[in-house]
2 protein chains.
Amino acid sequence: MNIQFKKGVLEICVLSVLARKDCYGYELVNEISKRIDISEGTIYPLLHRLKDEGHVTTYLQESAGGAPRKYYRLTESGRKEEHEQKEEWMRFCASVNALLEGKNNAAE
Amino acid sequence: MNIQFKKGVLEICVLSVLARKDCYGYELVNEISKRIDISEGTIYPLLHRLKDEGHVTTYLQESAGGAPRKYYRLTESGRKEEHEQKEEWMRFCASVNALLEGKNNAAE
DNA sequence: GGTAAGTACCTTGCAACGCAAGATACTGTG
DNA sequence: CACAGTATCTTGCGTTGCAAGGTACTTACC
């Protein structure tokens with residue numbers, strides 16, 4: 001899998017999963033990796049970034065095994081961000097596909 | 001437009017346009033920019049990379065105004081690369097869209 | 001008791017890509 | 001002569017994702 005493709009997209013994936021339910025980091029890795037490989041070295045910095053930007057809040061919960069889980073919950077700005085980035089992603093895909101199909105004019 | 005989305009994708013766009021006709025760098029910028037903004041600081045290093053990897057060959061042709069045009073032509077390996085990257089891009093898009101739609105299992 | 005695997009968090013350093021901003025040089029227009 | 005357009009190129013920067021490491025707890029096995 002081309003690593004470059006994932007740039008920017010993994011953030012949408014995280015936002016999208018969080019839009020459906022609160023998750024902790026380790027859980028997000030497993031959830032997203034069902035479709036797209038993502039490593040812990042990617043998810044934790046990403047989550048911290050989202051928190052710094054105010055798109056998520058966190059709360060701790062005990063775990064049966066291992067360290068306590070840090071759950072992430074979308075804020076209102078996070079939901080807005082999720083929506084906007086999803087839209088932008090779809091527009092981008094449409095542009096790329098048009099280009100790959102050889103449709104030359106933006107009007108087509 | 002999220003810059004990150006473009007990572008890796010602009011290379012496919014270039015390969016795809018070149019698969020239809022030989023182009024020079026400046027022309028590729030204008031062609032691709034109809035759909036997706038791409039700057040000269042991006043295209044020239046990209047083209048040099050493709051040449052180093054043997055995916056394109058070049059030939060010069062005089063221009064009415066300005067410097068002579070350096071045309072890029074796909075090699076056989078370039079055509080193969082174009083095909084493979086296109087396939088990978090489409091698989092990637094399908095995975096992302098499934099994830100964004102909340103389809104949890106890779107089987108679905 | 002010791003060891004491994006699983007859960008769960010984290011950080012550091014690196015590689016790759018795209019962009020802005022610059023340089024160069026030629027042509028045509030006002 | 002100055003400017004815009006054509007056409008090439010390079011340097012330095014910011015962002016992202018990853019590999020590889022570390023920490024700490026629990027369970028299972030020998």
Side-chain angles (χ1 to χ4, degrees), chain A residues 1-15 22-33 35-53 55-56 58-72 85 88-89 92 95-96 99, chain B residues 1-15 22-33 35-53 55-56 58-72 85 88-89 92 95-96 99:
Chain A
M1 171 71 71
N2 189 335
I3 291 176
Q4 301 301 322
F5 289 168
K6 302 183 191 173
K7 305 257 161 147
V9 177
L10 294 179
E11 180 171 326
I12 314 184
C13 293
V14 167
L15 289 171
D22 294 2
C23 286
Y24 54 100
Y26 193 79
E27 185 184 13
L28 280 166
V29 170
N30 292 328
E31 198 71 23
I32 294 175
S33 288
R35 298 283 189 180
I36 302 164
D37 282 339
I38 182 171
S39 71
E40 297 180 24
T42 298
I43 205 98
Y44 291 114
L46 200 169
L47 288 168
H48 296 158
R49 217 156 58 225
L50 289 176
K51 193 175 184 189
D52 287 344
E53 291 165 354
H55 296 320
V56 296
T58 59
Y59 56 94
L60 286 174
Q61 222 163 69
E62 283 176 36
S63 161
R69 295 168 171 169
K70 188 185 278 182
Y71 277 86
Y72 290 82
Q85 287 207 28
E88 198 178 341
W89 165 249
F92 177 74
S95 296
V96 172
L99 228 157
Chain B
M1 170 71 72
N2 188 335
I3 291 177
Q4 301 301 324
F5 289 169
K6 302 183 191 174
K7 306 254 163 145
V9 177
L10 294 179
E11 180 171 326
I12 315 184
C13 292
V14 167
L15 289 171
D22 294 3
C23 286
Y24 53 100
Y26 193 78
E27 185 184 12
L28 280 166
V29 169
N30 293 327
E31 198 70 23
I32 294 175
S33 288
R35 298 283 190 180
I36 302 164
D37 282 339
I38 182 172
S39 71
E40 298 178 21
T42 298
I43 206 98
Y44 290 114
L46 200 169
L47 288 168
H48 297 157
R49 217 156 57 225
L50 290 176
K51 193 175 182 188
D52 287 344
E53 292 165 353
H55 297 320
V56 295
T58 58
Y59 56 94
L60 286 175
Q61 221 162 68
E62 283 176 37
S63 161
R69 295 168 172 168
K70 188 185 277 183
Y71 278 86
Y72 289 82
Q85 287 207 29
E88 198 178 341
W89 165 249
F92 176 75
S95 296
V96 172
L99 228 157

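Throughout, a chain's letter reflects where its sequence line sits, starting with A, and its residues are numbered from 1. Only heavy atoms go into these numbers, but all of them, side chains included; no hydrogens, no water, no symmetry mates.
- Across B:I38 and B:I43, no two heavy atoms sit closer than the pair CD1-CD1, 3.5 Å.
- Between the CG atom of A:L28 and the P atom of C:dA8 there is a distance of 12 Å, rounded to whole Å.
- Protein atom OH of B:Y26 is 15 Å distant from nucleotide atom C1' of C:dT24, rounded to whole Å.
- Taking every heavy atom of both residues into account, A:Y44 and A:Y26 meet most closely at OH-N, 3.5 Å.
- Across the helix from C:dG1-D:dC30 to C:dG30-D:dC1, the helix axis at one end is tilted relative to the axis at the other end by 0° (nearest 10 degrees, each axis from five pairs).
- A:K6 places no side-chain N or O within donor-acceptor distance of the main-chain N or O of A:M1, the cut-off being under 3.5 Å.
- As judged by a 4.0 angstrom heavy-atom cut-off over every strand, A:D37 is placed among residues touching the sugar-phosphate backbone only.
- Residue B:R69 places its side chain closer to D:dT6 than to any other of D:dT6, D:dC18, C:dC10.
- Contact of the B:V9 side chain with the A:F92 side chain is registered, since non-hydrogen atoms from C-beta on lie closer than 4.5 Å.
- As rounded to whole Å, 12 Å separates atom P of C:dA16 from atom CD of B:E11.
- The CD-C1' distance, from B:E62 to D:dT8, rounds to 16 Å in whole Å.
- The CD atom of B:E53 sits 10 Å away from the P atom of C:dA16 (whole-angstrom rounding).
- Here the P atom of nucleotide C:dA8 and the CD atom of A:E27 are 8 Å apart, to the nearest Å.
- Among the nucleotides C:dC9, D:dT8, C:dG18, the one closest to the side chain of A:K70 is C:dC9.
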Can you tabulate the close N/O pairs, meaning under 3.5 Å, that link protein atoms to atoms of nucleotides 10-15 of chain D?
from	atom 1	to	atom 2	distance (Å)
D:dG14	N2	B:K7	NZ	3.2

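- In this entry the distance linking CD1 of B:I12 with P of C:dC17 reads 12 Å, nearest Å.
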Requested in this report: Evaluate the criterion side chain to side chain contact (heavy atoms under 4.5 Å, CB included) for residue pair A:L50 and A:Y72; output intermediate values, then yes/no.
Outcome: CA-CA 10 Å; A:L50 289 176; A:Y72 290 82; over 6 Å; no
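- What you find for A:K70 and A:T58 is that their closest heavy atoms are CG-CB, 3.9 Å.
- Looking at B:E88, its side chain does come within 3.5 Å of a backbone N or O of A:N2 through a donor-acceptor pair.
- Residues A:E40 and A:P45 approach most closely at O-CD, 4.0 Å, considering heavy atoms.
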Which protein N or O atoms sit under 3.5 Å from an N or O of nucleotides 27-29 of chain D?
none

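- A:G8 and A:Q85 get closest at one heavy-atom pair: O-OE1, 4.2 Å.
- At least one side-chain heavy atom of A:Y59 sits under 4.5 Å from a side-chain heavy atom of A:D22.
- Here B:S63 reaches the OP1 or OP2 of D:dA7: one of its side-chain N or O atoms lies under 4.0 Å away.
- Atoms CD1 (A:I43) and P (D:dA19) sit 14 Å apart, rounded to a whole Å.
- Between A:A67 and B:Y71, the residue anchored closer to the 5' end of DNA chain D is B:Y71, taking for each the nucleotide with the nearest heavy atom.
- Residue A:G25 comes nearest to A:L47 through the heavy atom pair CA-CD1, 3.8 Å, listed as atom of the first residue, atom of the second, then distance.
- Taking the six-membered ring where the residue is Trp, B:Y71 and B:Y24 present perpendicular rings, their angle passing 60° and hence far from 30°.
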